[in-house]
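Given the structure is predicted, the values throughout are model-derived calculations rather than measurements. Proteins get letters first, then strands, A, B, ... in listed order; numbering begins at 1 in each.
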Protein chains: 2
Amino acid sequence: MTSSRPSTREAIRAAAAELFPAGGYAGTSVRDIAAAAGVDAALIIRHFGSKEALFLEIMQLDEEAQPLLDGPIDQLGEHFIEYVLNAGDEVRGIFLALVRASDSDGVAPRLREVHDTAFVAPLRSRLTGPDAEVRARLAASLVGGLLYSMWVVGDEELLAADRTDIVRRYGALLQALVTP
Amino acid sequence: MTSSRPSTREAIRAAAAELFPAGGYAGTSVRDIAAAAGVDAALIIRHFGSKEALFLEIMQLDEEAQPLLDGPIDQLGEHFIEYVLNAGDEVRGIFLALVRASDSDGVAPRLREVHDTAFVAPLRSRLTGPDAEVRARLAASLVGGLLYSMWVVGDEELLAADRTDIVRRYGALLQALVTP
DNA sequence: GTCTATAATTGGATAGAC
DNA sequence: GTCTATCCAATTATAGAC
């Protein structure tokens, strides 16, 4: 609002959003971000306070990234897996960067938060029954496990496999937690 | 073999095996390891070549860490989940440290290797059918997802939940991939 | 084999001119 | 708001005495 040139701050944000997931938190220096953004390194600290503050400001999910869960309950499993596989680089990048930087005290709570809002809460909202809480969290484990093996581990055979087959098979497992 | 005092090298190994999983790769300095081991920092480089070489020498699974898979095939799901939950700090520590350091080019292949030998291969060996390969890798995703949510994310409700309940529920999902 | 001292680099963050 | 110059701390790794 007070800025006369909004481009600088946005350029830093855009560069950070690209470099942090690619190179990791420790592997991405403030100077790297500054160079990619075409600005001076000092401006990053001046605008965001610290490297970690910038990281945490970028690595969060806005409301729009929440998956739609309007569909029929008996297809929730497949639909959610399909969403996770297609949900674009943004969610995947945030997930990846947070997981790999989660040994830092500052980012560990953020990973919990993103995991909760992206996986647990949407599933929890549509589950019923006495064990809904545990089932929702196991469901979130299952979903996170797919992201883990494909993008953290980088399982080549899984990445090369037929996506509709994965959606069908893995979605059926998720469905078993949703409607036991 | 050539060393007159095997204690130094072992002391370094022990300290590294404890500090790396706890503090992460970037968060653990050579000096930290040296202090914990009660040796000089220069000896670490002299004995292992580099920090990364030490990390990679520690963060691997020896054969003994492989789970036994002798039991009945129709209880493999529960047994494997039970193994993963109880399999001690060693496997968990290696898994954790590798996941969080997997943005480095040097450790990414090692994570794939450990994931393969600890999760994929044991399951793959007991699966039959045309889609055994994909099913084994989805099963490994499922298993890794549980470790992810409990130990990387640190889902408190899941950690506090009844383990036998988790084994029963999550094991049933794994079983559905083993014997469809 | 071990340790002291230090090199050589890189990092985040700051001060102050413009 | 922006940039130049720099500080200061921390890192891995090495050289050489003992």
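- The distance from atom CD1 of A/Ile44 to atom P of D/dT2 is 12 Å, rounded to the nearest whole Å.
- B/Val114 is connected to B/Tyr83 through a chain of hydrophobic side-chain contacts under 4.5 Å among Ile, Leu, Val, Met, Phe, Trp and Tyr, so both are in one cluster.
- Aromatic pair B/Phe95/B/His115: ring centres not closer than 6.0 Å.
- Neither side chain, B/Arg137 nor A/Ser149, offers a donor N or O lying under 3.5 Å from an acceptor on the other.
- When rounded to the nearest whole Å, the span between CD of A/Glu10 and P of D/dT2 equals 13 Å.
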Show each protein N/O and nucleotides 11-15 of chain C N/O combination with a separation under 3.5 Å, one pair to a line.
from   : atom 1 : to      : atom 2 : distance (Å)
C/dG12 : OP1    : A/Val30 : N      : 3.3
C/dG12 : OP1    : A/Lys51 : NZ     : 2.9
C/dG12 : OP2    : A/Val30 : N      : 2.9
C/dG12 : N7     : A/Arg31 : NH1    : 3.0
C/dG12 : O6     : A/Arg31 : NH2    : 2.9
C/dA13 : OP2    : A/Lys51 : N      : 2.9

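- The environment of CG in A/Asp105 is sparse: at most 12 heavy-atom neighbours from other residues, nucleotides or ligands sit within 6.0 Å.
- With 3.5 Å as the limit, one finds a donor-acceptor pair spanning the side chains of A/Gln175 and A/Thr179.
- Annotation: cation-pi geometry not satisfied between B/Arg100 and B/Phe20 (NZ/CZ under 6.0 angstrom from ring centroid, within 45° of ring axis).
- What separates CD1 of B/Ile12 from C1' of C/dC3 is a distance of 13 Å, to the nearest Å.
- Rounded to whole Å, the distance from NE2 on A/His47 to C1' on D/dC3 is 11 Å.
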